[in-house]
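Please read the structure below before turning to the comments.
None of the values given here were measured: they were computed from a predicted structure. Chain letters run A, B, ... following the sequence lines, proteins first, then strands; residues in each count from 1. Just so you know, these numbers use all the heavy atoms, side chains as well, and skip hydrogens, waters and symmetry mates.
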Amino acid sequence: MSIYDTMSRETRVFAPIVPPRVGLYVCGLTPYAPAHVGHGRVFVVFDVVARALRRWGYRVFYVQNVTNLDDKLIARAAEEDEDPLALADRHFATFLRSMERLGVRAVNYYPFATDYVPEILAQVRTLVDHEFAYVAADGSVYFEIAKFPRYGRLSGQRPSALQPGARVELDPRKRAPEDFVIWKAATPGEPSWESPWGPGRPGWHVEDTAMTGRLLGGRYDLHGGGADLIFPHHEAEIALSESATGEAPMVNYWMHVAFVILQGEKMSKSIGNVFDLDAAIEAAGPGALRLFYLNAHYRSPLDFVPEKTLVEAREAYARLSLPARRIDELLARDGPDRPGDRAPEELANAAELLVEELDDLIANDFNTREAIARLFEWTRRLSDAGGFDHLSGEALETLAQPYRWANEVLGLFERSEGTRAGAWETAIPLLIRIRARARERGDFAEADRIRDELAAAGIRLEDDAGATRWSFSDRK
RNA sequence: GCCGAGGUGGCAGAAUGGUUAAUGCGACGGACUGCAGAUCCGUUUCCUGGGGGUUCGAUUCCCUCCCUCGGCUCCA
């Protein structure tokens, strides 16, 4: 398989340092506000990356950090008169629930920055001792870019070409504007830890390198995140880790996910043009939202049009998953051993070939979009082939293979509808039978009344040839 | 200014040095239906930012210009 690497700007064959182990580190979020649709994209993409690697036999250790203390978090906590760490915990708990609903469960470990203060202090000390970093008068510690000549290689930036102060004010404590803080001297009222340079708290970039050093070592395989982290964050990580450990390269493959675009601009908390992630899950359903994300290549910007994108995703998802749902209905009703015909040989072979093709597409830098196109073609082909009622359990399972694949790798069908069915499962069919009798005797007023009243309760009835299906309609 | 990513039909978005440029949504027509919906079938023949170049052939490779977005020490 091959992966596009931001550092070398080319697609390279993936070769882990110590196969079959794969160390994967993804920059998580700073939980100072609810997650938005842009965040969701990154985490769904890397969920698929990890699922795919595991499918191919790699043992992936996937670490996704939580920056649970930084300036924004402190500022927001002050506004809301809440402890910053408690605020972070609260938003992180919400985030985890969103991830669970989205079927994002490939992450092995979510380390919190504040749990790694000893590692952070150790790294800062090493950097100071080896004069990669210096201590300012107030006790803050800065990494000195001039000591790391490779700085800028990931982003293609040359430090001399940057515009200091373009967006952030100059800091007189720094020797050079591009130096960055790795230990911040304490401000009264903020959380702080003791250090050899006085009380303070970690700078942003060093949190990650201290954690990766501890959890993944000085060199590991894959590092991912949003494209906005390339500079300066990931550049800084490289400088810190490679200076502190003496090992290089810190990472063999850098993966960056492009933005979700809303109204022509990157969806971003600081711009304020965000669409809440939970609201999107609610509106589209988790499978449809995943479909939306994976329906574009992860390195391409993806347009989000409110009132349009989610509706489209929902419609497309419903169509894509229809044969899978019908097959599962039959298997659930009759069990895997249900009697019936064998699958037509041609179709059975096609299913096998399709799964191979899907694997190949994903192996080529995670071409989820092309894979989804093939899945739609499969759905159409099964529709052409007619119903499933006459097929055996084994035959159904054969035809379902591409959908099983889509579930395993893309996580598209994990959350099947109807999990809340419960008592409805008996009550609604009863009403359907009553309505059918009304229709038989031509009493359509009564039949429509039942359908309307159920519709008002969020139950949708649809008459098919000889049968009536029902579903929850509250996603409409 | 520098660095990076992009520009494909009504919309969202793939792909490839080569027959009709995928797939989905939407739209239109049809089948089915008491009606509606869902589903299925068909249609949507004029979509690759502009200009050069390489080539038998370019949307793809090269050059250049234009435009959009992002980064330049907050960020997924």
Side-chain angles (χ1 to χ4, degrees), chain A residues 6 9 26-30 32 35-43 45-46 67 70-72 75 145 152 154-171 174 177-181 203-205 224-233 235-236 256-261 264-271 291-292 295-297 299-305 308-309 311-320 322 326 361 367-377 379-380 383-384 386 439 442 444 447-448 451-452 455 460-465 469 471 473 476:
Chain A
T6 308
R9 301 216 176 81
V26 174
C27 286
L29 85 172
T30 303
Y32 72 91
H36 57 67
V37 168
H39 296 123
R41 182 180 192 189
V42 173
F43 303 125
V45 164
F46 284 105
T67 303
D70 85 331
D71 294 350
K72 292 206 154 179
I145 294 296
L154 179 67
S155 59
Q157 302 267 17
R158 286 166 300 139
S160 60
L162 298 175
Q163 281 194 336
R167 292 183 62 181
V168 172
E169 287 186 27
L170 295 174
D171 186 335
K174 296 180 180 182
E178 59 270 21
D179 292 348
F180 56 85
V181 69
W204 176 33
H205 311 304
D228 46 0
L229 296 179
I230 296 173
F231 190 93
H233 184 53
E235 207 74 76
H256 291 100
V257 179
F259 304 121
V260 173
I261 305 295
E265 287 181 300
K266 164 191 168 189
M267 187 182 291
S268 158
K269 279 185 274 196
S270 42
I271 298 173
L291 181 69
F292 162 67
N295 213 0
H297 191 90
R299 284 188 280 116
S300 300
L302 178 56
D303 259 31
F304 183 88
V305 186
K308 199 164 179 185
T309 293
V311 174
E312 177 180 333
R314 203 171 52 204
E315 297 299 331
Y317 180 73
R319 196 166 107 70
L320 177 67
L322 191 71
R326 299 254 152 113
L361 286 166
N367 193 343
T368 53
R369 179 56 184 104
E370 212 41 43
I372 287 170
R374 295 291 92 74
L375 288 168
F376 269 109
E377 286 167 1
T379 284
R380 171 174 291 237
S383 302
D384 286 349
R439 294 172 72 207
F444 296 119
D448 288 351
R451 186 170 60 186
D452 291 346
R460 176 173 47 210
L461 297 190
E462 288 160 357
D463 297 325
D464 222 331
R469 294 182 177 280
S471 57
S473 63
K476 271 283 179 192

Review point. Would you say the side-chain atoms of A/Arg41 pair up with the backbone N or O of A/Phe292, donor to acceptor, closer than 3.5 Å?
Key: no

Practice item. Tell me what A/His233 touches on the nucleic acid: a base, only sugar-phosphate, or nothing, going by heavy atoms under 4.0 Å. Key: nothing

Exercise for review: Using the P atom on both, measure B/G6 against B/G10 and round to a whole Å.
Suggested key: 24 Å

Review point. In whole angstroms, how far is the P atom of B/A15 from the CZ atom of A/Arg374?
Key: 11 Å

Practice item. List in chain and number order the residues that pass side chain to side chain contact (heavy atoms under 4.5 Å, CB included) with A/Asp303, two or more places apart in sequence or in another chain; answer none if no residue qualifies. Key: A/Ile261

Practice item. Before accepting this row, confirm whether a basic side-chain N of the pair A/Arg374/A/Glu370 lies closer than 4.0 Å to the acidic partner's carboxylate O. Key: yes

Review point. NA contact type, A/Gly442, heavy-atom cut-off 4.0 Å: base, sugar-phosphate, or nothing?
Key: nothing

Review point. For A/Leu361 and B/U16, what is the distance between atoms CG and C1' respectively, to the nearest whole Å?
Key: 13 Å

Check your understanding: When we call it a touch if two heavy atoms are under 4.0 Å apart, what does A/Thr30 touch: a base, just sugar-phosphate, or nothing?
Key -> sugar-phosphate

Exercise for review: Check every strand shown and say whether A/Phe376 touches a base, only sugar-phosphate, or nothing at a heavy-atom separation below 4.0 Å.
Suggested key: sugar-phosphate

**Study point:** Per-nucleotide pairing state of RNA chain B [Watson-Crick or G-U, under 3.5 Å; [ ] pseudoknot-crossing; | other strand]
**Key:** (((((((..(((.....[....)))((((((.......))))))....(((((..]....))))))))))))....

Exercise for review: Give the rounded distance in Å between these two atoms: NE2 of A/His205 and C1' of B/C74.
Suggested key: 10 Å

Exercise for review: Classify the nucleic acid contact of A/Ser383 as base, sugar-phosphate or nothing, counting any heavy atom under 4.0 Å across all strands shown.
Suggested key: sugar-phosphate

Exercise for review: Identify whether any heavy atom of A/Val26 sits under 4.0 Å from a base atom; if not, whether one sits that close to sugar-phosphate; answer base, sugar-phosphate or nothing.
Suggested key: nothing

Review point. Which part of the nucleic acid, if any, lies within contact of A/Gly38, taking any heavy atom under 4.0 Å across all strands shown: a base, the sugar-phosphate backbone alone, or nothing?
Key: base

Check your understanding: Rounded to whole angstrom units, what separation is found between the NZ atom of A/Lys72 and the P atom of B/A76?
Key -> 8 Å

Check your understanding: How far does the P atom of B/C3 sit from the matching atom of B/U19, given to the nearest Å?
Key -> 37 Å

Review point. Hey, does A/Gly152 reach any base, or is it just sugar-phosphate, or nothing, if we go heavy atoms under 4.0 Å?
Key: nothing

Exercise for review: Check whether the side chain of A/Asp448 and the base of B/G34 form a donor-acceptor pair under 3.5 Å.
Suggested key: yes

Practice item. Please report the shortest heavy-atom distance between A/Glu235 and A/Ser155, naming the atom on each side. Key: OE1-OG, 2.6 Å

Review point. Expressed in angstrom and rounded to an integer, what is the separation of A/Asp303 atom CG from B/C11 atom C1'?
Key: 10 Å

Point to revise | Protein-nucleotide distance (A/Phe259, atom CZ; B/A12, atom P), rounded to Å | key: 19 Å

Exercise for review: Test for a donor-acceptor pair under 3.5 Å between the base of B/C25 and the side chain of A/Arg314, counting only N and O atoms.
Suggested key: no

**Study point:** C1'-based separation of B/C62 from B/C74 [nearest Å]
**Key:** 39 Å

Exercise for review: Pick base, sugar-phosphate or nothing for A/Lys269, based on heavy-atom distances below 4.0 Å to the nucleic acid.
Suggested key: sugar-phosphate

Study note, to complete from the structure: Closest of B/A76, B/U73, B/A15 to the A/Asn367 side chain is B/A15

Practice item. Would you indicate what A/Ser300 reaches in the nucleic acid, counting non-hydrogen atoms under 4.0 angstrom: base, sugar-phosphate, or nothing? Key: sugar-phosphate

Review point. With a non-hydrogen cut-off below 4.0 angstrom, is A/Arg451 in contact with a base, only sugar-phosphate, or nothing?
Key: base

Point to revise | C1' spacing across the pair B/U33 / B/A76, given as an integer number of angstrom | key: 48 Å

**Study point:** Chi angles and distances behind the side chain to side chain contact (heavy atoms under 4.5 Å, CB included) call for A/Arg439, A/Asp463
**Key:** CA-CA 11 Å; A/Arg439 294 172 72 207; A/Asp463 297 325; 3.5 Å; yes

Check your understanding: What residues, two or more places apart in sequence or in another chain, satisfy ring-ring contact (aromatic ring centres under 6.0 Å, His included) together with A/His297?
Key -> none

Point to revise | Integer-rounded Å distance: B/A76 P and A/Ile271 CD1 | key: 12 Å

Practice item. Considering only atom C1', compute the distance from B/U54 to B/G13 and round it to an integer number of Å. Key: 30 Å

Check your understanding: Can you find an N or O donor on one side and an acceptor on the other, under 3.5 Å apart, linking the side chain of A/Asp463 with the base of B/C35?
Key -> yes

Practice item. Please assess A/Ile372 against A/Leu291 for the test side chain to side chain contact (heavy atoms under 4.5 Å, CB included), listing each intermediate value before the final yes or no. Key: CA-CA 8 Å; A/Ile372 287 170; A/Leu291 181 69; 3.7 Å; yes

Check your understanding: Heavy atoms under 4.0 Å, any strand shown: does A/Ala227 hit a base, just sugar-phosphate, or nothing?
Key -> nothing

Check your understanding: Just how far, in rounded Å, is C1' of B/C3 from CZ of A/Arg9?
Key -> 8 Å

Review point. Counting any heavy atom closer than 4.0 Å, what does A/Leu302 reach on the DNA or RNA strands: base, sugar-phosphate only, or nothing?
Key: sugar-phosphate

Practice item. For B/U60 and B/A21, measure between their C1' atoms and round to the nearest Å. Key: 11 Å

Check your understanding: Within the structure shown, what part of the strands sits under 4.0 Å from A/Leu291 by heavy-atom distance: base, sugar-phosphate, or nothing?
Key -> nothing

Review point. Expressed as a whole number of Å, how far does the P atom of B/U59 sit from that of B/U73?
Key: 40 Å

